[in-house]
Amino acid sequence: MRFLPIYFSLAFLSACYEAETTQTDSLLYCLDKAPDSFNPQISHDVATLDATTNQLFNRLVKIDPISQRFIPDIAHEWQINNDKTKYTFFLRKDVNFHQNERFTPSRKLNANDVIFSFKRMLSDNHPYHAININADTETYLYNHPFSNLVTKIVKVDNYTIQFNLNKPDASLLANLAAHYAVIHSQEYALKLLQSGHPEEIDYFPIGTGPFQLKTNSTNRVIRYEAHHNPWQKPVSIKNLIYDITPNATKRYAKLLSGECDIITNPASSQVTQISRNSSVSLSSHPTGNVALLAFNSKAKDLNSAEIRQAISHAIDQKTIIDAVFFETAEASDHLLPNQSWAYNPRTEKVRFSPEESIQELQKNEFDFSRTLRILAPIKNSIFNPNFYKTAELIQSNLTDVGVSSVIVQLRQAELQAALLSGDYDLFLTGISPYIKDPDNLFRPLLSCNANPLEGNTSQWCDDNIQSLLDDTLLETNFIQRVKNYYQLQEQIQSQRIYLPIAHLLRFDVFNQNISGLQIDPLTGINFDKVQKTPPIHQVMAQ
């Protein structure tokens with residue numbers, strides 16, 4: 001008897017879900033984890049991005065998923081001055097905020113909301129700057145790529161905003177299109193301050209996005225409803241439900257039983273099985289995260305591009321992908337994923353050829369008596385599920401071409417000390433860019449001004465590459481930027497500064513009556529264009 005209410009409750013909940021999955025204006029999305037908050041300004045885990053940035057908020061500009069060009073969002077137009085240090089944005093005048101039981105807006109969005117949203121991140125004196133901040137949030141907040149770039153945000157009038165930069169920088173638009181550059185309601189924030197509960201801003205959000213938060217049953221179900229008075233085209237999905245199901249097997253079972261319309265993050269062991277199921281669609285998108293091997297360009301022998309290329313030829317990338325990443329990543333020849341607008345498809349590919357490796361090592365008088373020191377973190381990360389196994393496979397490849405090596409695994413503090421001292425030859429690492437602008441990836445890895453803790457674990461410094469990085473950051477002509485990044489990638493490949501290993505994949509699975517789903521690993525899932533038709537069995541029964 002004790003379990004009856006629970007059983008009844010679950011049965012009732014399941015029945016409700018099944019009813020909702022048959023409605024074409026309701027959508028059930030099943031994910032593995034609850035969001036950390038409902039504000040992508042302070043949380044950047046995938047679950048938070050999926051729950052917030054495209055559903056609840058808008059940004060000044062966004063990136064067209066097809067053309068990869070900047071397009072208007074809340075700002076309908078923008079201008080850049082001649083020396084590229086002032087960006088002026090002209091806001092739409094018809095943008096309505098959400099409302100909830102705590103707040104009913106008295107006005108539409110204006111310049112005060114934009115200033116509030118950005119000054120919270122940029123100004124230590126802002127009343128919301130320290131709200132809901134922990135150690136991880138603080139690091140994230142203070143390391144936003146434009147934190148040291150924007151000197152002042154000026155309200156020109158109620159619908160015109162000007163960003164002043166401390167130096168010319170073409171990546172500002174990419175920063176403003178990033179997941180964290182969302183616009184909150186200043187009016188709501190002031191009301192929460194007066195009530196003594198400013199912390200609620202990040203958990204009961206008021207935005208302008210296509211959906212508004214309805215209820216949040218912590219760690220179980222999140223319900224959204226369509227924006228009651230949207231400024232953009234109304235969505236066809238009126239009820240959006242997030243079902244948090246940590247177990248991957250249960251998520252897939254719910255998809256098959258009709259309790260979910262879409263699931264994310266299937267287990268790697270399920271991917272092959274799912275791909276063979278003709279009743280569902282499996283989508284995979286390379287993330288910006290790249291696992292890579294850094295060559296210490298200041299170490300003996302490794303200071304030669306020819307030696308770095310020769311060692312690259314010895315490493316069997318496919319075996320690493322199969323043994324370490326299974327089917328959750330794709331092999332990469334480039335630091336950039338091939339979806340990037342700056343990806344250069346014509347650059348030289350990475351070749352696995354032990355014979356060529358031996359010949360090149362001998363030709364360039366590599367010292368076979370020395371032992372290479374392979375550095376690897378003890379703690380695995382989002383861009384490499386098993387550093388030690390990866391290191392073992394590389395060590396085996398090196399042995400095959402006559403190169404001795406030792407694997408050194410270190411904890412974070414020891415690792416940082418080793419990186420700063422330069423006491424290593426090879427380093428297994430990775431990078432997770434925040435925004436789509438290639439400068440966000442290349443500068444930490446290649447700039448003379450970046451130290452190993454900031455990403456430059458190859459200890460690289462080259463005047464030509466530095467000039468190319470700096471010139472491209474000032475370049476606002478899109479075609480010229482693309483040309484510059486093509487040139488930069490050719491130099492990276494010819495110098496073999498890093499050996500890219502893999503780009504991680506994001507997997508989502510959905511029923512075939514779902515269309516219009518947009519997934520961007522850097523900014524999360526987007527349901528505003530989703531259309532849902534009746535399930536096939538329902539159509540046949542009519």
Side-chain angles (χ1 to χ4, degrees), residues 41 57-64 67-95 109-126 142-184 186 208 340-342 433-443 447 449 466-488:
Q41 289 181 316
F57 296 102
N58 291 102
R59 299 173 283 273
L60 290 176
V61 298
K62 59 184 180 181
I63 296 176
D64 185 293
S67 69
Q68 295 293 299
R69 307 292 292 267
F70 296 108
I71 57 175
D73 200 13
I74 282 178
H76 63 83
E77 187 181 354
W78 56 91
Q79 296 175 349
I80 306 172
N81 71 340
N82 289 336
D83 68 4
K84 302 161 189 170
T85 56
K86 292 182 180 177
Y87 286 64
T88 304
F89 295 88
F90 303 94
L91 310 181
R92 300 179 192 274
K93 297 181 178 177
D94 57 349
V95 178
L109 179 146
N110 64 32
N112 293 330
D113 303 303
V114 178
I115 289 177
F116 164 80
S117 301
F118 285 97
K119 284 199 170 178
R120 176 183 179 181
M121 292 189 286
L122 297 172
S123 172
D124 294 349
N125 299 322
H126 192 280
Y142 295 151
N143 285 335
H144 279 159
F146 65 150
S147 295
N148 298 317
L149 177 63
V150 177
T151 57
K152 188 165 57 174
I153 303 174
V154 178
K155 175 183 173 182
V156 179
D157 60 41
N158 270 349
Y159 295 98
T160 308
I161 285 287
Q162 190 176 84
F163 284 71
N164 294 351
L165 312 187
N166 57 18
K167 60 183 178 180
D169 192 318
S171 72
L172 180 71
L173 288 178
N175 277 293
L176 296 178
H179 59 267
Y180 47 75
V182 296
I183 309 301
H184 290 261
Q186 182 209 36
T208 58
S340 170
W341 53 262
Y434 282 137
I435 64 173
K436 288 187 174 182
D437 193 280
D439 188 75
N440 191 238
L441 176 80
F442 291 132
R443 187 167 294 275
S447 172
N449 300 320
Q466 186 68 43
S467 295
L468 199 49
L469 281 172
D470 294 341
D471 292 347
T472 308
L473 197 60
L474 305 183
E475 180 60 64
T476 52
N477 181 294
F478 182 72
I479 300 301
Q480 188 57 50
R481 292 198 85 204
V482 172
K483 289 180 179 178
N484 286 2
Y485 281 127
Y486 273 30
Q487 185 182 345
L488 180 62

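Residues: numbered from 1 along the sequence shown. Quick note: numbers below take in every heavy atom, side chains included, and nothing from hydrogens, waters or symmetry partners.
Closest approach of Ile183 to Arg59, counting heavy atoms only: CG1-CA, 4.5 Å.
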Test salt bridge (charged side-chain N to carboxylate O under 4.0 Å, His left out) applied to Asp470 and Lys167, step by step: CA-CA 11 Å; Asp470 294 341; Lys167 60 183 178 180; over 6 Å; no

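In this pair, Phe89 and Phe163 present their aromatic rings perpendicular. The plane angle is above 60°, beyond the 30 to 60° band. Between Phe116 and His126, the ring-plane angle classifies as tilted under the 30° and 60° cut-offs.
Partners of Asn158 according to the side chain to side chain donor-acceptor pair (under 3.5 Å) rule, which considers only residues two or more places apart in sequence or in another chain, are Lys155.
Within 6.0 Å of atom NZ in Lys86, 12 or fewer heavy atoms from other residues, nucleotides or ligands are found, so the atom counts as exposed in its surroundings. For Asp83, the CG atom counts as densely surrounded, since its 6.0 Å shell holds more than 12 non-hydrogen atoms of other residues, nucleotides or ligands.
Between Phe70 and Trp78, the gap from one ring centroid to the other reaches at least 6.0 Å.
Residues Ser123 and Asn125 have side chains that never bring a donor and an acceptor to within less than 3.5 angstrom of each other.
A side chain to side chain donor-acceptor pair (under 3.5 Å) with Thr88 is found for one member of Gln162, Gln79, Glu77 and no other, namely Gln162.
Using a 4.0 Å cut-off between charged side-chain N and carboxylate O, Arg443 and Asp437 make no salt bridge.
One finds the CG atom of Leu176 at 15.0 Å from the NZ atom of Lys62 (value rounded to the nearest 0.5 Å).
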